Q: 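Can you read through this structure? Questions will come right after.
Just so it is clear, the structure is predicted and the values come from calculations on it, not from any experiment.
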Amino acid sequence: LAEAPDEASLRVELGRVLESRGDTIEALGQFERAVQIDDTYASGWTNIGALALRFRDYTKALDAYRRARESGASTCEAWAGTGYAYEGLSEGELAIENLEQALERCPADTELLYSLGTVAMTLLGDQERALGYFERYVRARPELAGDHPVRMTIEALKSKRENAEPQESR
């Protein structure tokens, strides 16, 4: 690092090492130094966003992920991180929109389906939409045990729907 102190990629790598050792404050400093060196370095912004999410600084996370995407990062992480930040800010529709973008880019990341279901159910109160995401999640993860919590959630949502239907026809 002494030989190339102004190289953003080295700052991000050092930040990752520091983070893996549990030194998140120093890691954040390295990520911030990376984007000071090169404010278009998407990896620096993505790592700042991830740490901001860990510390529940959703506004900082949103800004960092926006800057990462503006710098050319069209990764699942940049879109999912934006979605999780909006979820933290209780902005359900924006969370769904960004999590859907992440899923479009990385369809194999089935955990995004679970997150989408959770946002639809908890922030939007849209049980039908949540049910759709949870059912897609289970179809994508057939190895889940029969008593897995998501399966129980699906059964509860179906039961709620069936119990609500007779009342609506009265």
Q: What is the distance from atom NZ of Lys160 to atom CD of Gln127, rounded to the nearest 0.5 Å?
A: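 One gets 4.0 Å once the value is rounded to the nearest 0.5 Å.
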Q: Does Arg11 pair with Glu7 as a salt bridge, N-O distance under 4.0 Å?
A: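 Looking at Glu7 together with Arg11, the answer is no, because their closest N to O distance does not fall below 4.0 Å.
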Q: Does Arg151 use its side chain to pair, donor to acceptor, with the backbone of Ala145 at less than 3.5 Å?
A: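 Indeed, once roles are kept as given, a pair shorter than 3.5 Å links the two residues.
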Q: Whether the Tyr41 and Ser9 side chains hold a donor-acceptor pair (N or O, under 3.5 Å, no angle test) is what I'd like checked.
A: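 No donor-acceptor contact under 3.5 Å links the two side chains.
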Q: Distance from Leu28 atom CG to Arg33 atom CZ, nearest 0.5 Å?
A: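 Interatomic distance, Leu28 CG to Arg33 CZ, rounded to 0.5 Å: 14.0 Å.
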Q: Measure the CZ-CG distance between Arg139 and Leu113 for me, rounded to the nearest 0.5 Å.
A: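 Output value for this atom pair is 9.0 Å.
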Q: With rounding to the nearest 0.5 angstrom, report the CD1 to OG distance, Ile154 to Ser159.
A: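 If I round to the nearest 0.5 Å, the distance is 13.5 Å.
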Q: Is there a salt bridge (Lys or Arg N to Asp or Glu O under 4.0 Å) between Lys158 and Glu135 once you walk through the steps?
A: CA-CA 11 Å; Lys158 285 181 176 179; Glu135 287 177 332; 3.5 Å; yes
Q: State plainly whether the residues Arg129 and Glu93 are in salt-bridge range, i.e. N to O under 4.0 Å.
A: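 Counted as a salt bridge, because a side-chain N and a carboxylate O are separated by less than 4.0 Å.
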Q: For the pair Glu91 and Glu87, evaluate side chain to side chain contact (heavy atoms under 4.5 Å, CB included) and give the outcome as yes or no after the intermediate values.
A: CA-CA 6 Å; Glu91 295 284 347; Glu87 179 183 9; over 6 Å; no
Q: Counting only N and O atoms by type, is there a donor-acceptor contact under 3.5 Å from the side chain of Arg56 to the main-chain atoms of Ala52?
A: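 Not a single qualifying donor-acceptor pair exists.
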Q: Before you tell me yes or no, could you show the steps for Arg141 and Glu143 under salt bridge (Lys or Arg N to Asp or Glu O under 4.0 Å), namely the whole-Å CA-CA distance, both residues' side-chain angles and the distance that decides it to 0.1 Å?
A: CA-CA 5 Å; Arg141 303 276 315 271; Glu143 76 280 2; 2.5 Å; yes
Q: Taking the side chain from Trp45 and the backbone from Phe31, do they hold a donor-acceptor pair closer than 3.5 Å?
A: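 No, the answer is negative, given that no donor and acceptor are paired below the 3.5 Å cut-off.
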Q: According to a 4.5 Å side-chain heavy-atom criterion applied to Ile, Leu, Val, Met, Phe, Trp and Tyr, with indirect links allowed, do Val17 and Ile48 form part of one hydrophobic cluster?
A: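 Shared cluster, no.
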Q: Answer yes if Val138 and Leu112 sit in the same cluster of Ile, Leu, Val, Met, Phe, Trp and Tyr residues linked by side chain heavy atoms under 4.5 Å apart, and no otherwise.
A: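 Same hydrophobic cluster.
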Q: List the steps, then state whether side chain to side chain contact (heavy atoms under 4.5 Å, CB included) holds for Gln30 with Val12.
A: CA-CA 6 Å; Gln30 292 300 321; Val12 167; over 6 Å; no
Q: What are the two closest non-hydrogen atoms of Ala85 and Ala61, and how far apart are they?
A: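 Nearest heavy atoms, Ala85 then Ala61: CB-CB, 4.1 Å.
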Q: Would you name the heavy atoms of Ala50 and Glu77 that are closest together and state the gap between them?
A: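 Between these two residues, the closest heavy atoms are CB-OE2, 4.1 Å.
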Q: At their closest point, which heavy atom of Asp38 faces which heavy atom of Ala8, and how far apart are they?
A: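 Between these two residues, the closest heavy atoms are CB-CB, 4.1 Å.
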Q: Calculate, to the nearest 0.5 Å, the distance between atoms OH and OG1 belonging to Tyr65 and Thr46 respectively.
A: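 One finds 7.0 Å between OH of Tyr65 and OG1 of Thr46.
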Q: Will you find, in the side chains of Thr75 and Arg69, an N or O donor that is under 3.5 Å from an N or O acceptor?
A: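 Per modelled atom types, Thr75 and Arg69 side chains form no pair under 3.5 Å.
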Q: May I ask you to say whether Arg16 pairs ionically with Glu19, meaning some side-chain N is under 4.0 Å from a carboxylate O?
A: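 Between Glu19 and Arg16 there is no salt bridge, as every charged N stays at least 4.0 Å from the carboxylate O atoms.
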Q: I need the Leu116 CG to Leu99 CG distance, nearest 0.5 Å.
A: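 Here the rounded value is 5.0 Å.
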Q: Carefully, step by step, assess Met121 and Leu157 under the rule side chain to side chain contact (heavy atoms under 4.5 Å, CB included).
A: CA-CA 10 Å; Met121 185 170 67; Leu157 289 171; 4.1 Å; yes
Q: Determine whether Tyr58 and Trp79 fall in the same hydrophobic cluster, where Ile, Leu, Val, Met, Phe, Trp and Tyr are linked whenever their side-chain heavy atoms lie under 4.5 Å apart.
A: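 Tyr58 does not cluster with Trp79.
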Q: Compare every heavy atom of Gly15 with every heavy atom of Ala27, then report the nearest pair and how far apart it is.
A: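 So the two residues come closest at CB-O, 3.2 Å.
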Q: Is any side-chain N of the basic residue among Glu32 and Lys60 closer than 4.0 Å to the acidic one's carboxylate O?
A: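 Yes, charged N to carboxylate O under 4.0 Å.
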Q: If only side-chain N and O atoms count, and only distance matters, is there a donor-acceptor pair under 3.5 Å linking Tyr137 with Glu111?
A: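 Note: Glu111 and Tyr137 side chains meet the donor-acceptor criterion.
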Q: Is it the case that the side chain of Thr153 and the backbone of Pro149 share a donor-acceptor pair, with hydrogens and angles ignored and the cut-off at 3.5 Å?
A: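 Checking the backbone N and O of Pro149 against the side chain of Thr153, a donor-acceptor pair under 3.5 Å is found.
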Q: Looking only at heavy atoms, what is the nearest atom pair of Ala95 and Gly83, with distance?
A: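 Reported closest heavy-atom pair: CB-O, 3.4 Å.
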Q: Mind checking whether Leu18 and Phe55 sit in one hydrophobic cluster, side chains of I, L, V, M, F, W, Y counted as touching below 4.5 Å?
A: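 No, Leu18 and Phe55 fall in different hydrophobic clusters.
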Q: So that I know where these two stand, are Tyr114 and Phe134 an aromatic pair - ring centroids less than 6.0 Å apart?
A: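 Yes, close enough.
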Q: Would Leu51 end up clustered with Ile37 when hydrophobic side chains under 4.5 Å apart are linked, directly or stepwise?
A: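 No; tracing contacts between hydrophobic side chains, which count when under 4.5 Å, never links both residues.
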Q: Check for a donor-acceptor pair, side chain of Asn98 on one end and backbone N or O of Leu94 on the other, with a separation under 3.5 Å.
A: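 Yes: the side chain of Asn98 pairs with the backbone of Leu94.
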Q: Is a donor on one side and an acceptor on the other found under 3.5 Å between the side chain of Tyr133 and the backbone of Val119?
A: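 Absent.
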Q: Where is the tightest heavy-atom contact between Ala130 and Gly117, given as atom of each residue plus distance?
A: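 What the structure gives for the nearest pair is CB-O, 3.4 Å.
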Q: Starting from the C-alpha separation in whole Å, work towards a yes-or-no answer on side-chain hydrogen bond (donor to acceptor under 3.5 Å, both in side chains) for Ser115 and Tyr84.
A: CA-CA 9 Å; Ser115 296; Tyr84 295 133; 3.1 Å; yes
